[in-house]
Amino acid sequence: MKLNVLFGTLFTLVFSANTYAQESEISYVDYVNTLMGTDSTFDLSNGNTYPAIALPWGMNFWTPQTAEMGDGWAYKYDDYKIRGIKQTHQPSPWLNDYAAFSLMAITGQLKFEEEERASWFSHKAETAKPHHYSVYLADYDVTAEVAPTERAAHFKFTFPESDSSYIVLDAFNKGSMVKIIPEERKIIGYARNNHGGVPENFHNYFVAEFDKDFEVNHTWKDGWELQQDSNNAEADHVGAIIGFKTKKGEEVNVKVASSFISPEQAQLNLDSEIGESDFKEAKNNAKEIWNKELGRIQVEGNNTDHIETFYSSLYRVLLFPRKFYEINKEGERVHYSPYNGEVLRGYMFTDNGFWDTFRAVFPFFNMMYPELNKKIMAGLANTYKESGWLPEWASPGHRDVMIGSNSAPIIADAYLKGNVYPEDVEVLFEAILKNANIEEGRPVASVGREGLNYYNELGYVPYDVDINENAARTLEYAYADWTIAKMAEDLGKEEIADRFYRQAYNYKKLFDPSTNLMRGKNEDGTFQEPFNPLKWGDAFTEGNSLHYTWSVFQDVEGLIDLMGGEEEFTGKLDEVFEMPPEFDDSYYGFTIHEIREMQIVNMGNYAHGNQPIQHMIYLYNYAGEPWKTQQRIREVLTKLYAPTPDGYPGDEDNGQTSAWYVFSSLGFYPVTPGAPQYVIGSPLFDKATLQLQNGNEFKIIAKNNSEENFYIESASLNGKDWNKNYLNYEDMMRGGTLQLEMTNTPNKERGVNKEAVPFSLSSDTK
């Protein structure tokens, strides 16, 4: 999916900053490959993505469906038949979808069962962009297209000459209803399918308006039983079929919208977001919106693959969390609460796993989208008011997935950077304190802190008390405690701050000096036996001790001291990369995909495809060897990512793995969300320009940058020498230029003194 460039000629792609309000000569959306990561299966993830046709953070996405109804891998690149284009809200195949329904066009003999109606297609006759999807349905000689809005979409089906042309609306199983209204050229109904996290009264109400009269109308009910000449159906699984005659090249347009609130709100969403506009207008509007958002960062370089990977990754960062609120007839923001089932005022966002996204996605929002993050924080305050707890994995309500207390870092980092509305501050602080003080009454185990009473008494979650992934929980709670302390200190709550600063050192309780690794600890204070640092799971989460030992985001210098100094620390980092990719999968009973993804890339035990270790490469900056960070970062950027269907090194996960790429390719990364710093790596591009929301502009210029020149020889910030291994958040927000001189030889004199080292709790002088 290359742009039209002059091959064989050295060129530089220069991006104009004038892409905010109008179409520019560079269309950023054209660099996006929404199929990146779709070549994935249960056994091996190259992203576990689907092509989302959507607006940034839209309430509804749309995607072509190659798999059967209910399959979390709804679109697999190697599949060859499409069953429909469905509305989806799926954040991950592991969470699966909810509120899904689909549209499909057919001709000739009526086929509506999903296996029978599926049509052969080819990627050669498929266009997959964020703002527009088009595919040729070969069995029916139909081209199907869709363009999105936030809560609606415009479909266009181009038919052949046929006496028997149909459009099938499949409302899916687990409770659905359809009603055909021929005189209004309309189908209304609802879909209730879900995989948890919803109240009893959950519905997704939809409306579909056509621009052609119906000559045929049927429905079906459970078991694919056709109800000829029927206008109504309601059961576990129903659908609607409308038919007509078409001329060659005739276009049939369908405007579709939905609402979690009511049928009337679904109609309002349709009228307000599409109204009388045609398909071209919807498509162009969506393109303009994407170009505006993608164009907030302009990158320049002579490698088109890198540029395509950058914008394909940035597209993923801008999808989640999704807006779960709507605009009522009075113009107010309202939402159906996935926590108590009521319709309430205010913001609500969902479909996010904070175990993944606290690391880089939310720091990216604080840097590039502070106004959005204020709204997300308001939504978190509403979640707390409506359920009594903060979410950790919401889809759309609380889901019992993953571990940690990572809502605290997300909230504290937003607050410390000024991105929380004043009226939400005390509510959110109360909420994160509840997580840290109360274990009883949680709706699911992933909410709050599993093992909290042990943690608050012993300073760790014991290995032998039937709480799995206990060491990982301890390390994540200790980091969350540091972020609580920072927020409490800023709020003038000194007693609370003192308590949580002390607890932030709890990571030390799991450190085993005999191995220089983190290790599960029993309730009586003894370490777990036997101990295999290569054992995945057990005391850790989707990783092993070699991966989780580095999860001391708040105090890397303290970890260096525990290991005996910088030489021992960097030696242990080196060991992870240099050892064979050995593993112990006995905890799971089979080789999970995260293990396989580590094993096959020839990078030792470095498991970039999963989140716990993604910050690890940057830690050389804390121990006097920043050139190793530079070398390893460039290796991961160019080896493990590509703008292709197998272009991710593991699960993409709500933008996190993409955010790692976006940050790292720009040249820095937020190792410690909550600290006002970014740790420097090795920029991939010759130049990058960030258009900040406050109106300022920050540039990163890498002179003499090339495939071989990935080491930093020298650096200057706004014309002054910059020998530190980090950037300050405030410096970036003021705008300016970071200029780096790149070379092919490591400079072992730069960034090696104590003043160059990024923040650590043990030496909090910065």
- Task: In sequence, state the C-alpha distance, the side-chain angles, and the governing distance for T149 and E273, and then conclude on side-chain hydrogen bond (donor to acceptor under 3.5 Å, both in side chains).
- Result: CA-CA 7 Å; T149 72; E273 295 192 6; 2.5 Å; yes
With a 4.5 Å limit on heavy-atom distance, are the side chains of [X] and [Y] in contact?
{"X": "K81", "Y": "W120", "value": "yes"}
{"X": "Y661", "Y": "L640", "value": "no"}
{"X": "F210", "Y": "V256", "value": "no"}
{"X": "R399", "Y": "L95", "value": "yes"}
{"X": "Y140", "Y": "R117", "value": "yes"}
{"X": "L314", "Y": "F364", "value": "yes"}
{"X": "I188", "Y": "Y205", "value": "no"}
{"X": "M69", "Y": "H237", "value": "yes"}

Polar contact flag, side-chain donor to acceptor under 3.5 angstrom, [X]-[Y]:
{"X": "S134", "Y": "T127", "answer": "no"}
{"X": "E145", "Y": "H132", "answer": "yes"}
{"X": "S102", "Y": "D170", "answer": "no"}
{"X": "N610", "Y": "E594", "answer": "no"}
{"X": "N285", "Y": "E281", "answer": "no"}
{"X": "S312", "Y": "N33", "answer": "no"}
{"X": "D646", "Y": "T644", "answer": "yes"}
{"X": "N60", "Y": "H89", "answer": "yes"}
{"X": "N48", "Y": "E652", "answer": "no"}
{"X": "D351", "Y": "S395", "answer": "yes"}
{"X": "T357", "Y": "N654", "answer": "no"}
{"X": "T657", "Y": "Q611", "answer": "yes"}
{"X": "N204", "Y": "Q87", "answer": "yes"}

- Item | side-chain hydrogen bond (donor to acceptor under 3.5 Å, both in side chains) evaluation trace for S162 with T107 | CA-CA 7 Å; S162 174; T107 58; 5.1 Å; no
- Sole candidate of Q65, E116, E68, E115 that passes side-chain hydrogen bond (donor to acceptor under 3.5 Å, both in side chains) when paired with R83: E115
Ignoring hydrogens and angles, tell me if any N or O in the side chain of [X] forms a donor-acceptor pair with the backbone of [Y] under 3.5 Å.
{"X": "D278", "Y": "K280", "answer": "yes"}
{"X": "D686", "Y": "G301", "answer": "no"}
{"X": "S665", "Y": "V662", "answer": "yes"}
{"X": "R192", "Y": "F202", "answer": "yes"}
{"X": "K129", "Y": "V32", "answer": "yes"}
{"X": "E209", "Y": "K255", "answer": "no"}
{"X": "D211", "Y": "N253", "answer": "yes"}
{"X": "N269", "Y": "A257", "answer": "no"}
{"X": "R316", "Y": "G655", "answer": "no"}
{"X": "T34", "Y": "A128", "answer": "yes"}

- Task: Apply side chain to side chain contact (heavy atoms under 4.5 Å, CB included) to L268 and I327, showing your working.
- Result: CA-CA 9 Å; L268 181 60; I327 309 299; over 6 Å; no
- May I ask you to check whether over 12 heavy atoms, not counting those of E161, lie within 6.0 Å of atom CD? no
- Message: If you count every heavy atom of other residues, nucleotides or ligands that lies below 6.0 Å from K179 atom NZ, does the total exceed 12?
- Response: no
Which pair of heavy atoms, one from [X] and one from [Y], lies closest together, and at what distance?
{"X": "A240", "Y": "I187", "result": "CB-CD1, 4.0 Å"}
{"X": "A171", "Y": "A191", "result": "O-CB, 3.6 Å"}
{"X": "Q90", "Y": "R322", "result": "N-NH2, 3.9 Å"}
{"X": "E215", "Y": "K245", "result": "OE1-NZ, 3.1 Å"}

- In plain terms, say whether K323 and E150 are close enough for a salt bridge, that is, a side-chain N and a carboxylate O under 4.0 Å apart. yes
- Message: What I want to find out is whether R596 reaches D43 closely enough, with some N-O distance under 4.0 Å, to be called a salt bridge.
- Response: no
- Just say parallel, tilted or perpendicular for the rings of Y190 and H203, cut-offs at 30° and 60°. perpendicular
- Task: Take the angle between the ring planes of F155 and F157 and call it parallel below 30°, perpendicular above 60°, tilted in between.
- Result: parallel
- Message: As a quick check of understanding, evaluate side-chain hydrogen bond (donor to acceptor under 3.5 Å, both in side chains) for D271 and Q267, giving each step before the final call.
- Response: CA-CA 6 Å; D271 294 341; Q267 184 68 56; 3.0 Å; yes
- Message: Is there a side-chain hydrogen bond (donor to acceptor under 3.5 Å, both in side chains) between Y28 and E293? Walk through the geometry before answering.
- Response: CA-CA 9 Å; Y28 298 95; E293 301 306 340; over 6 Å; no
- Message: Against F349, only a single residue in F362, W57, Y325, F365 fulfils ring-ring contact (aromatic ring centres under 6.0 Å, His included); can you say which?
- Response: Y325
- Task: Apply the ring-ring contact (aromatic ring centres under 6.0 Å, His included) test between F320 and each candidate in Y315, W393, F61; give the one that qualifies.
- Result: F61
Close aromatic pair by centroid cut-off 6.0 Å: [X] and [Y]:
{"X": "Y133", "Y": "H131", "value": "no"}
{"X": "Y31", "Y": "F310", "value": "no"}
{"X": "W660", "Y": "Y648", "value": "no"}
{"X": "F260", "Y": "F324", "value": "yes"}
{"X": "H608", "Y": "Y641", "value": "yes"}

- Message: One pair to check against ring pair (Phe, Tyr, Trp, His ring centres under 6.0 Å): Y311 and W290. What are the steps and the verdict?
- Response: CA-CA 11 Å; Y311 286 107; W290 273 111; over 10 Å; no
- Task: With sequence neighbours left out, write down each residue that passes side chain to side chain donor-acceptor pair (under 3.5 Å) with N217, or none if nothing qualifies.
- Result: N231
- Those residues at least two apart in sequence (or on a different chain) that pass side chain to side chain donor-acceptor pair (under 3.5 Å) with E251 are none
- Query: By ring-ring contact (aromatic ring centres under 6.0 Å, His included), which residues pair with F101, not counting sequence neighbours?
  - Reply: W62, F206
